[in-house]
There are 2 protein chains.
Amino acid sequence: MKLSDRKKQILKAVVDDYIQTAEPVGSRTVVVRMETPVSSATVRNEMAELENLGYLEQPHTSAGRVPSNLGYRMYVDELMERYHLTGADLAEVQKALKFRMRELDRLIFEAGKMVSELTHHAAIALTPVADTESIRRFEVIPVDKTTVVLILVTTTDQIRNRICRLNVPLSGLEISAANRALNAYFTNIPLHDMNGDRIARAESETGAEITELLVAAIDFAADVLRRILNREVYLSGATQLLQYPEYRDVDRARALLDCLSDRETVVRLPEPEPGETIRVSIGEETGVQALDDVSVVVTSYEAGHGARGLLGVVGPTRMDYARVCARLQKFSEGLSQILNEQQRNG
Amino acid sequence: MKLSDRKKQILKAVVDDYIQTAEPVGSRTVVVRMETPVSSATVRNEMAELENLGYLEQPHTSAGRVPSNLGYRMYVDELMERYHLTGADLAEVQKALKFRMRELDRLIFEAGKMVSELTHHAAIALTPVADTESIRRFEVIPVDKTTVVLILVTTTDQIRNRICRLNVPLSGLEISAANRALNAYFTNIPLHDMNGDRIARAESETGAEITELLVAAIDFAADVLRRILNREVYLSGATQLLQYPEYRDVDRARALLDCLSDRETVVRLPEPEPGETIRVSIGEETGVQALDDVSVVVTSYEAGHGARGLLGVVGPTRMDYARVCARLQKFSEGLSQILNEQQRNG
DNA sequence: GTTAGCACTCTAAGGCATCGAGTGCTAAAG
DNA sequence: CTTTAGCACTCGATGCCTTAGAGTGCTAAC
């Protein structure tokens with residue numbers, strides 16, 4: 001069934017008011033928010049119908065109405081006004097974005113913090129993952145006789161390093177040989193091809209004395225790839241959640257925070273559909289029990305090389321969707337820009 | 001004034017009980033905890049005196065007594081039994097420590113998480129800082145014509161990298177020249193000596209075309225040193241705080257969490273005195289307003305090269321000091337061991 | 001110095017009346 | 001047929017009172 005215009009207007013008024021006050025909304029309150037003037041009785045009738053249709057709920061008789069998750073869904077899909085970013089808003093976003101950093105992980109972490117500050121909600125940030133990530137380049141740097149630093153650069157330009165102590169000292173020549181072998185045999189291959197076979201082949205061309213180093217390097221590379229494919233999860237501004245009246249109940253707040261700190265839960269949150277840039281999950285739509293009464297707004301950002309990261313906001317179901325969506329989207333656009341620009345030049 | 005043995009016994013009983021129950025302790029409860037049997041009336045008299053002396057407090061007439069911060073102080077300094085780690089405790093600590101990682105920052109972060117799990121309190125971890133940190137080695141790795149990776153190793157064996165895009169392409173020869181210059185002029189010098197003078201001297205020996213790269217490298221080195229000298233702060237298990245009845249009040253909990261998330265506050269917390277390995281700060285002793293009603297237990301760990309990091313626990317003033325101290329100390333010993341072993345061999 | 005006993009204090013908890021916001025329904029007006 | 005005014009009704013929130021119980025301080029006896 002299609003809602004009448006007036007019903008939509010009333011539903012919108014209820015959501016708008018409830019977003020601001022977190023108190024059940026009565027018919028009188030709705031009247032003052034309506035454009036076309038009607039009496040509270042009319043509104044009452046309409047609200048009773050909206051309740052029957054499942055868009056509103058009553059905590060108890062003689063309280064006002066509260067939007068149901070279906071109501072929020074309708075609001076997000078059809079009713080919500082495109083939030084107009086004010087000059088101050090934009091300035092804030094810009095300012096936050098100007099603070100750019102080189103290291104990807106750190107950048108993403110900082111981005112999460114910024115989003116949290118920008119939206120006044122808890123934020124989650126997931127590092128980008130390209131499905132075809134591999135190692136682009138190895139470098140072995142001698143530090144002292146039995147110590148080398150292993151450096152590797154991935155196809156998405158992430159750099160990782162590890163100190164490696166050797167039981168048998170290696171000469172400079174041997175180290176460069178190992179270096180060459182690593183770059184010849186182990187670059188641009190997928191994780192599952194980094195196996196013993198290949199190590200044996202590389203070894204046969206250089207000599208057994210570098211096996212220790214080779215194995216350590218491959219080990220490290222595999223570690224790094226595995227970790228990159230298991231995207232990192234950052235949670236910021238968790239205390240923001242405590243400011244909302246719905247989490248005055250410490251037990252609820254705690255359950256929620258614990259859930260958000262759990263990597264496994266977070267990586268399973270619904271992402272934007274292919275082609276979409278933003279995805280709003282209301283209440284149970286998140287598919288996670290403990291998140292049944294919060295909403296999650298997620299955008300994806302481009303990190304170059306086809307890699308996509310995620311940036312999201314977690315707040316009460318009555319969050320100001322219009323504002324949050326606008327800011328989040330703007331921010332993720334900016335982030336994509338920075339990441340791609342960084343990639344093209346410097 | 002010196003407390004009588006019986007007073008001490010009573011004070012200890014009150015603290016012990018209050019630590020467990022978080023409820024004011026009445027005279028009857030104390031009697032059952034006493035070794036030498038006395039009547040509740042006697043205990044009442046003694047408790048009244050202890051209150052006059054400032055060791056106990058009464059939330060209101062006709063509630064039981066609660067230890068004052070002075071009372072906790074006395075408890076920690078004299079009364080507390082050396083907590084005996086059970087086999088299970090030890091096993092837990094061992095297990096946690098076995099999980100070792102190579103990268104220092106990550107290791108410290110994980111250590112914080114472990115401490116939080118081990119003590120069931122919020123934990124703070126600060127990365128070690130040596131007062132004489134400098135760069136031990138530079139390495140410049142060409143990636144493509146205008147892109148190089150800068151790597152540097154610090155005197156405490158921390159490794160950092162940054163991608164650097166050049167406006168003017170450099171040849172392999174030029175890059176190695178820059179590499180040599182960096183290692184010749186900018187290793188093992190303190191941060192404040194990395195100035196224009198020295199850049200000019202290095203440049204005069206090599207040629208102006210590498211200036212861009214030199215400047216970028218020095219810039220990066222200075223950044224890294226500055227950041228290392230500003231120790232990183234990690235907070236873990238913050239939600240643990242929410243489990244204690246004293247933080248059922250969300251506003252208090254939030255103020256506390258916000259305060260602990262603030263780097264500036266955390267680095268100012270009292271550290272163990274030189275020579276000591278552990279420092280207990282009770283209530284106002286932390287010197288931070290917002291932490292007036294929590295206690296902080298801090299140990300330091302050795303990270304080699306004379307660098308010391310900090311590892312601490314934040315909980316209600318009625319925390320189980322004996323248990324927390326024991327576990328924290330054990331853990332930091334283990335951490336020191338790992339860090340030094342890692343340094344010697346590998 | 002210790003203890004039993006007792007009056008006293010103060011909070012927590014339950015019961016109860018009151019208040020008021022908000023509803024649903026009805027009947028009249030448009 | 002829709003809208004509106006009016007009114008009775010519902011139900012949580014608030015405040016007040018009472019009661020129960022835990023714990024104290026004091027006094028007098030041992």
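In what follows, every chain begins at residue 1, and chains take the letters A, B, ... in the order their sequences are listed. Keep in mind the model is a prediction, meaning the values are calculated, not measured.
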Min side-chain heavy-atom separation B:Val233-B:Val267 under 4.5 Å
yes
Using a 4.0 Å cut-off to any heavy atom of chain B, which nucleotides of DNA chain C are the first and last in contact, reading 5' to 3'?
C:dT2 to C:dT11
Heavy atoms of other groups near B:Arg28 CZ, more than 12 under 6.0 Å:
no
Looking at side-chain heavy atoms only, is the closest gap between A:Phe331 and A:Leu118 below 4.5 Å?
yes
With the criterion being N/O to N/O and under 3.5 Å, what pairs connect the protein with nucleotides 11-13 of chain D, and how long is each?
{"from": "D:dC11", "atom 1": "OP1", "to": "A:Thr61", "atom 2": "OG1", "distance (Å)": "3.4"}
{"from": "D:dC11", "atom 1": "O2", "to": "A:Ser62", "atom 2": "OG", "distance (Å)": "3.4"}

Does anything in residues 9-24 of chain B come within less than 4.0 Å of DNA chain C? Heavy atoms only, and list the residues if so.
none
Over 12 foreign heavy atoms within 6.0 Å of CG, A:Asp5:
no
Taken in chain and number order and not counting sequence neighbours, the residues that satisfy ring pair (Phe, Tyr, Trp, His ring centres under 6.0 Å) with A:Tyr321 are A:Tyr72
Whether A:Ser68 side chain and A:Gly54 backbone form a donor-acceptor pair below 3.5 Å
yes
Would you kindly give the CD-to-C1' distance between B:Gln58 and D:dA22, to the nearest whole Å?
12 Å
I need the residues from residues 25-37 of chain A with at least one non-hydrogen atom less than 4.0 Å from DNA chain D; give them sorted by number, or say none.
none
Find out whether B:Ile19 and B:Tyr75 are in side-chain contact, i.e. whether some heavy atom of one side chain is under 4.5 Å from a heavy atom of the other.
yes
Quick one: are A:Val66 and A:Gln58 in side-chain contact, heavy atoms under 4.5 Å?
no
Is it true that A:Glu285 and A:Arg73 have a side-chain N and a carboxylate O under 4.0 angstrom from each other?
yes
So does A:Glu264 pair up with A:Arg268, basic N to acidic O under 4.0 Å?
yes
May I ask you to say what B:Ala63 touches in the nucleic acid, namely base, sugar-phosphate or nothing, with a heavy-atom cut-off under 4.0 Å?
sugar-phosphate
For A:Ala41 and for B:Met47, locate the closest nucleotide of DNA chain D by heavy-atom distance; then report the residue assigned to the nucleotide nearer the 5' terminus.
A:Ala41
Comparing B:Ser39 with A:Gly64, nearest DNA chain C nucleotide closer to 5' gives the residue B:Ser39
What pairs meet the salt bridge (Lys or Arg N to Asp or Glu O under 4.0 Å) rule with one or both residues in residues 56-69 of chain A, with sequence neighbours excluded?
A:Glu51-A:Arg65
Any side-chain to backbone donor/acceptor pair from A:Thr42 onto A:Val38? Under 3.5 Å, distance only.
no
Distance-only, no hydrogens or angles: does the A:Arg279 side chain make a donor-acceptor pair with backbone N or O of A:Glu271 under 3.5 Å?
yes
